[in-house]
Amino acid sequence: MAKIKNLLLDRDGTIIVEKHFLNDPKEVELLPNTGKALKKFNQKGIDLFIVTNQSGIGRGYYNTEDFFAVQNKLYDILNEYNVKIKDIEFCPHTPSDNCTCRKPAIGMWKKLKKKYGLLENETAIVGDKLSDMYFGINAGLSIKALVLTGYGLSEKEKCSNIKIDIIAKDLLDLYYLLDQQGLI
């Protein structure tokens with residue numbers, strides 16, 4: 001197996017505390033150990049990308065400007081840890097829109113793959129939901145990692161019939177597990 005060079009990270013529940021339809025930058029809160037973990041991944045030369053479903057836009061709960069205000073606040077917080085997110089892709093659609101970008105569909109992966117020349121065998125998906133794991137399966141990504149933050153604990157039970165490569169307590173635990181296995 002090739003070493004992981006790219007991490008595709010879900011945002012809500014994986015990087016930041018899950019807050020239903022988050023649209024206020026003042027409410028952005030990193031999950032414990034996240035800044036430290038993402039810095040360690042960056043120091044290993046791993047490119048970090050965010051892939052996030054944002055159906056609150058399609059539902060009219062907030063708009064893209066609100067989404068980017070939240071995202072910019074996240075970048076400000078991550079800058080304090082010297083963490084660099086290379087890019088973000090987001091899906092603004094609702095589940096009933098049947099778009100090609102909403103996870104578990106792989107439209108966001110296709111855009112990042114084309115833009116950066118990413119390879120499946122060098123890329124891992126990290127998330128807290130079943131849809132993140134199916135996204136990784138559908139895209140043929142090397143590693144599907146479920147973190148037990150956000151919805152992770154409750155979603156873990158739903159994942160018993162699919163192949164998840166790693167289950168980690170949080171992003172820092174994931175870093176150590178990947179490092180110990182020589183995957184990064």
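In this structure, Leu174 CG and Leu148 CG are separated by 10.5 Å, a value rounded to the nearest 0.5 Å. In this structure, CG in Leu118 is found 9.0 Å from CD in Glu120, a value given to the nearest 0.5 Å. Here the straight-line distance linking atom CD1 of Ile4 with atom CD1 of Ile46 works out to 7.5 Å at 0.5 Å rounding. A distance of 5.5 Å separates CG in Leu141 from CH2 in Trp109, rounded to the nearest 0.5 Å. Taken from NZ in Lys84 to CG in Asp47, the straight-line distance is 8.5 Å, to the nearest 0.5 Å.
Listed for the Lys158 side chain is no donor-acceptor partner under 3.5 Å among the backbone atoms of Leu130. In terms of modelled atom types and a separation under 3.5 Å, the side chain of Asp132 and the main chain of Lys129 share a donor-acceptor contact. Without hydrogens or angle criteria, Lys111 side chain to Glu89 main chain gives no donor-acceptor distance under 3.5 Å. A donor-acceptor pair under 3.5 Å is formed between the side chain of Asp165 and the backbone N or O of Lys144. In terms of modelled atom types and a separation under 3.5 Å, the side chain of Asp66 and the main chain of Asn63 share a donor-acceptor contact. Checked by atom type and distance alone, the side chain of Thr149 pairs as donor or acceptor with a backbone atom of Gly13 at under 3.5 Å. Looking at Asn53, its side chain never comes within 3.5 Å of a backbone N or O of Arg102 through a donor-acceptor pair.
Summarising the geometry of Ala139 relative to Ile106, their closest heavy-atom pair is N-CG2, 3.6 Å, with the distance given to 0.1 Å. Of all non-hydrogen atoms in Lys39 and Tyr81, the two that sit nearest each other are CD-O, 3.2 Å. Among all heavy-atom pairs drawn from Asp173 and Ala168, the shortest one is OD2-CA, 3.4 Å. Nearest approach of Tyr134 to Pro104, heavy atoms of both residues: CB-CB, 3.5 Å.
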Handout entry: Steps toward side chain to side chain contact (heavy atoms under 4.5 Å, CB included) verdict (Ile50, Leu74)
Key = CA-CA 11 Å; Ile50 295 174; Leu74 173 58; 4.0 Å; yes
Practice task
Evaluate salt bridge (charged side-chain N to carboxylate O under 4.0 Å, His left out) for Glu27 paired with Lys73, printing each intermediate quantity in order.
Solution key: CA-CA 9 Å; Glu27 294 185 27; Lys73 178 63 175 179; over 6 Å; no
Exercise for the section: Would you sort out whether Asp179 and Lys40 count as a salt bridge (charged side-chain N to carboxylate O under 4.0 Å, His left out), showing the intermediate values? Expected result: CA-CA 10 Å; Asp179 194 41; Lys40 286 181 167 293; over 6 Å; no
Practice task
Check the pair Asp170, Val147 against side chain to side chain contact (heavy atoms under 4.5 Å, CB included), reporting the backbone distance first and the verdict last.
Solution key: CA-CA 5 Å; Asp170 60 17; Val147 287; 5.6 Å; no
Problem - side chain to side chain contact (heavy atoms under 4.5 Å, CB included) between Asn33 and Leu171, worked out - result: CA-CA 7 Å; Asn33 299 319; Leu171 288 173; over 6 Å; no
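The aromatic rings of Tyr62 and Phe21 sit tilted relative to each other, their planes meeting at an angle between 30° and 60°.
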